[in-house]
Structures are given as structure tokens and as C-alpha cells.
Amino acid sequence: MEMDTIIEPFRIKSVEPIRMTSRAERERLIRQANYNLFNLHSDDVIIDLLTDSGTSAMSAAQWAGLMQGDESYAGSPSYFRFEEAVKDLMPFEHVIPTHQGRAAERILMGIVAGEDAKIPSNTHFDTTRANIEATGAEAVDLVIEEGLDPERKHPFKGNIDLDRLEALLDDDAAHVPIVMLTVTNNSGGGQPVSMANIAGAKALCDEYDVPLILDACRFAENAYFIKQREDGYGDASVKSIVREMFSHADGMTMSAKKDALVNIGGWLALDDDEWAREARNQLILTEGFPTYGGLAGRDLEAIAVGLQEVVDEDYLEYRMASTRYLGEALTDIGVPIVQPVGGHAVYVNAKALLPHIPPLEYPGQALGVALYTTGGIRGVEIGSVMFGRQPDGSEEPANMELVRLAIPRRVYTQSHVDYVIECFETLYDRRSEIQGYEITEEPPQLRHFTAHFRPLSPETVHRESSPKALE
Ligand code: F0G
């Protein structure tokens with residue numbers, strides 16, 4: 001008989017202590033951090049949901065693999081084991097290791113982008129967008145309409161809008177050097193892209209002779225969504241789905257810090273010989289020789305083993321179930337979240353949860369700080385703090401005010417997640433007492449990392465026109 005309870009499919013051999021803190025202590029710590037969660041020391045955090053990137057727990061087999069790491073400058077056997085593991089899933093001609101995903105992006109964009117280029121995607125991740133824009137090119141997001149509405153349900157909310165992609169190619173294919181797809185779509189809530197959509201994008205790319213590149217950080221989670229949700233894939237193995245996904249692509253960028261289950265690493269893979277030659281030349285300038293690319297041989301070994309483990313279906317079943325478990329429990333409490341639950345994170349809709357806080361008093365920031373003081377939980381604001389400051393210096397509310405709770409892989413157990421849920425129950429009952437914030441100091445760019453905040457007192461919160469920060 002099959003059991004209903006989905007358990008963590010691993011035992012724990014090595015543990016890291018969590019230092020417990022009191023509410024009074026956390027109130028002092030967050031005040032000293034100027035109410036910016038990035039300024040906290042991570043050992044003052046009880047449950048750290050800031051990111052799923054580089055925070056995975058490695059397996060015993062990965063740790064054993066580290067000892068096999070060969071640190072030769074050129075031609076290390078560790079590189080060849082890494083290359084073989086990548087090609088087993090993603091059969092591209094050239095596999096070029098990098099220290100993390102953004103290095104692969106920078107090298108690729110240095111070759112293909114530049115003034116007047118336009119690079120469409122479902123939604124570019126921030127670093128991809130920044131690397132495109134740094135060359136003078138334009139990054140174009142073409143996610144389907146459903147993908148922009150937090151409440152709207154759709155099985156593949158990460159899909160690219162093929163009509164808009166076709167219109168762009170029809171209009172200006174000469175200026176489109178590559179088309180990208182982010183799987184899963186992180187900036188859109190960790191939402192998957194269907195096989196039909198990947199194949200549809202490839203068919204358009206072929207028609208206009210433009211290569212398709214996957215930003216494939218969370219490829220295994222995307223493949224598992226295809227298995228669960230797309231007609232015809234229920235009985236296919238995840239490995240065969242992964243291979244089919246990549247059979248439609250001409251290359252990929254990868255952050256191994258996600259679905260390769262390691263703490264650092266990435267790669268760029270390409271079929272085109274000329275682009276690969278240029279990429280290796282760039283790699284030597286800034287990352288390292290092509291058989292290590294800024295990584296140690298032992299890092300390459302850990303990736304090779306991680307790639308085998310991440311397509312294990314018991315692992316993926318547990319992975320998706322644990323994210324869904326948190327999302328469904330928050331929904332039951334009444335906490336509004338981006339629907340349906342994505343693969344690597346739950347995104348809380350702070351604007352809907354805290355309607356008494358106007359966008360420019362930063363409801364996402366307010367919820368993030370309240371989560372920390374209530375239970376020592378750290379998420380990340382994705383809203384007007386992150387996106388509100390405009391290039392001309394003015395301030396506009398972001399489209400959404402979200403707090404992302406990203407789940408590190410194989411790190412927390414169900415009781416840790418139950419603790420997070422209990423904190424939300426407490427917060428939900430006291431949500432009307434949560435106050436907004438003003439910014440007292442900020443840098444000219446990427447202000448969310450270092451800005452200083454001050455809580456608005458209860459009297460100023462409800463004033464009709466409260467003075468705006470930094471006018
Ligand atoms: N692409 C996507 C979709 C990502 O989510 C990330 C990183 C990158 C590229 C860049 O990879 O960090 O190895 O250079 N996302 C992390 C996050 C930082 O928290 O979502 P990197």
C-alpha cells in the first residue's frame with residue numbers, strides 16, 4: 001500500500017546547530033541592522049529563507065567526491081567527470097565551467113549582445129537583465145499574461161507568449177541574436193515552462209534562424225512540473241524529460257548553486273563552435289583555464305554527483321511537496337500568496353496581506369521585518385524597495401509587493417516548516433499592528449542591499465499624506 005505522508009528521502013549524518021534567539025534579542029538585532037535583513041549576521045537567523053542559491057546540503061556521495069578532486073591547472077580528470085555528467089542530461093557540444101551563473105551570462109552576452117540588440121525571454125532574472133543591459137542591449141520580458149497576475153492559476157505560468165515572440169521576430173529578427181527561456185521562471189514566482197512552449201519557441205527560432213538558450217538553473221524542478229502537469233509526460237522519466245527539454249535548445253547558462261545541489265559553480269554550454277571558441281577566450285581572461293573556469297577540481301566533482309541526485313524522482317517528489325506544503329498551509333491561514341505555488345519558493349503577497357500600508361511605506365519590507373522579529377525567519381522583499389527607485393531619481397510603486405520565502409534544498413525538515421507556519425498564524429492575527437517604514441539612507445543603485453530604514457510610528461501610518469522618504 002502507498003502511504004500518503006511524503007517524507008524527507010534522506011537521513012541526517014552531520015548537523016549544523018541553529019542558535020535560538022528571543023524576541024527581545026531579535027528586536028535589538030534588527031534595529032542595529034537598520035531594519036535591513038541583508039545586514040543581519042546569518043547566525044542570528046533561525047530559519048533562513050533568503051535564497052535557495054548556494055544553500056543546498058550536499059550528500060555523503062558529494063562529500064566523498066570532493067576527495068577525488070584533482071586540482072591540476074589543465075586537463076583535470078575532475079573536469080572530464082563534470083563534462084560527462086552535464087552531457088548525460090544536456091548533450092551540448094561545448095561545456096564551459098564558470099564560478100557561478102552570472103559569469104556564464106556575462107561571457108555569453110559579451111559575445112552575442114551589444115548596442116541595438118534585443119534579447120527576449122519569458123522573464124529575465126536580474127543578473128541576466130543587468131548583463132544584457134551592460135552591453136547596451138535591451139532585455140525584453142514576454143511572459144504570458146497569466147504570469148503577471150499573482151492570483152491567476154495556470155499550470156505553466158512561466159510560458160513565454162509565443163504570439164508576442166513571433167511579432168518581435170517578424171518585426172526585427174535581425175537585431176535578435178538569441179532568444180532565452182528561464183526555467184523555472186524565478187522572477188515570475190518559480191513558475192514552470194511547458195515542453196510545448198519550449199518546442200514552440202524553438203520552432204519560431206528555427207523559422208527566423210535565431211538560437212534558443214535556456215537559463216536552466218532550476219531545470220529539474222521544471223521537468224518534474226512537466227511530468228505532473230503536461231499531457232503525455234506522466235509516465236516519462238524525469239531524465240528523459242530533461243533531455244527532451246534541452247534537445248530544443250542551442251545552449252544554456254547554468255547556476256549550479258540551484259539544481260546541481262552544490263554551494264558554488266555554474267557553466268555555459270553551446271553547440272556553436274565559433275561562439276564557444278570566443279567564450280573560452282573570455283573565460284581565460286577573467287575566470288580561468290577552460291577545464292576549471294574559476295572552480296576547484298573538487299567543486300566540479302560535487303556538481304557531477306549533484307546532477308545525478310537532482311533528477312532522482314523521490315528527491316523531486318519531496319522537494320515539490322515541501323514547497324507546496326508551506327504554500328497550502330499559508331493559504332489555509334488566509335495569507336495571500338502567488339498561485340499556484342512555484343518550485344523553489346513561496347511568494348507572499350504583502351500588498352494584499354497588509355492593505356493598510358501604502359506601497360511607498362513598503363509592505364514587503366514591513367512583513368519581512370515582522371517575520372524576523374516574530375520567529376527569526378528571513379525572507380526577501382521583492383517590491384518597491386527593490387524596484388521603486390527610477391533611473392531619473394523619482395520613486396514609483398513596483399507592480400507587486402512580495403516577500404519570497406525560498407526553500408534551501410535538503411536543509412530544513414517538516415518541523416522547521418511547521419514552525420514557519422506557526423509564525424505566520426501569529427502574524428496573521430496581529431497584521432493590523434504591523435507598521436510601514438521610511439528609508440533614511442540609500443545608495444544610488446541596488447538600494448535594497450544596503451538601505452537604512454526607520455519604522456513609521458502608529459500615528460504617522462494612517463495620516464492622509466505622510467511625508468515621503470528622501471524628497
Ligand atoms: N538565473 C536565475 C533564474 C537565477 O535565479 C539566478 C540566481 C541566476 C541566473 C544567477 O546565478 O547567482 O549563480 O550568479 N538567483 C539567486 C536567487 C541569486 O536568489 O534567486 P548566480
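Just so it is clear, the model here is predicted, and its values are computed rather than measured. Note that ligands are numbered from 1 as they come in the structure, with each ligand's atoms numbered from 1 the same way.
- Counting heavy atoms from C-beta outward, Asn186 and His344 have side chains that approach closer than 4.5 Å.
- A distance limit of 4.0 angstrom between heavy atoms and ligand 1 selects the residues Thr51, Ser53, Gln100, Gly101, Arg102, Glu105, Phe125, Thr127, Thr182, Asn186, Asp215, Cys217, Arg218, Ser255, Lys257, Lys258, Arg404.
- Inspection of the Ser78 and Gln68 side chains reveals no N or O donor paired with an N or O acceptor under 3.5 Å.
- For the pair Asp70 and Phe80, the minimum side-chain heavy-atom distance is 4.5 Å or more.
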- Item | Derivation of the salt bridge (Lys or Arg N to Asp or Glu O under 4.0 Å) call for Asp52 and Lys257 | CA-CA 8 Å; Asp52 66 318; Lys257 301 172 76 171; over 6 Å; no
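- Not less than 6.0 angstrom separates the ring centroid of Tyr362 from the ring centroid of Tyr437.
- Ion pairing of Asp149 with Lys157 is absent here, as no side-chain N (NZ or NE/NH1/NH2) approaches a carboxylate O to less than 4.0 Å.
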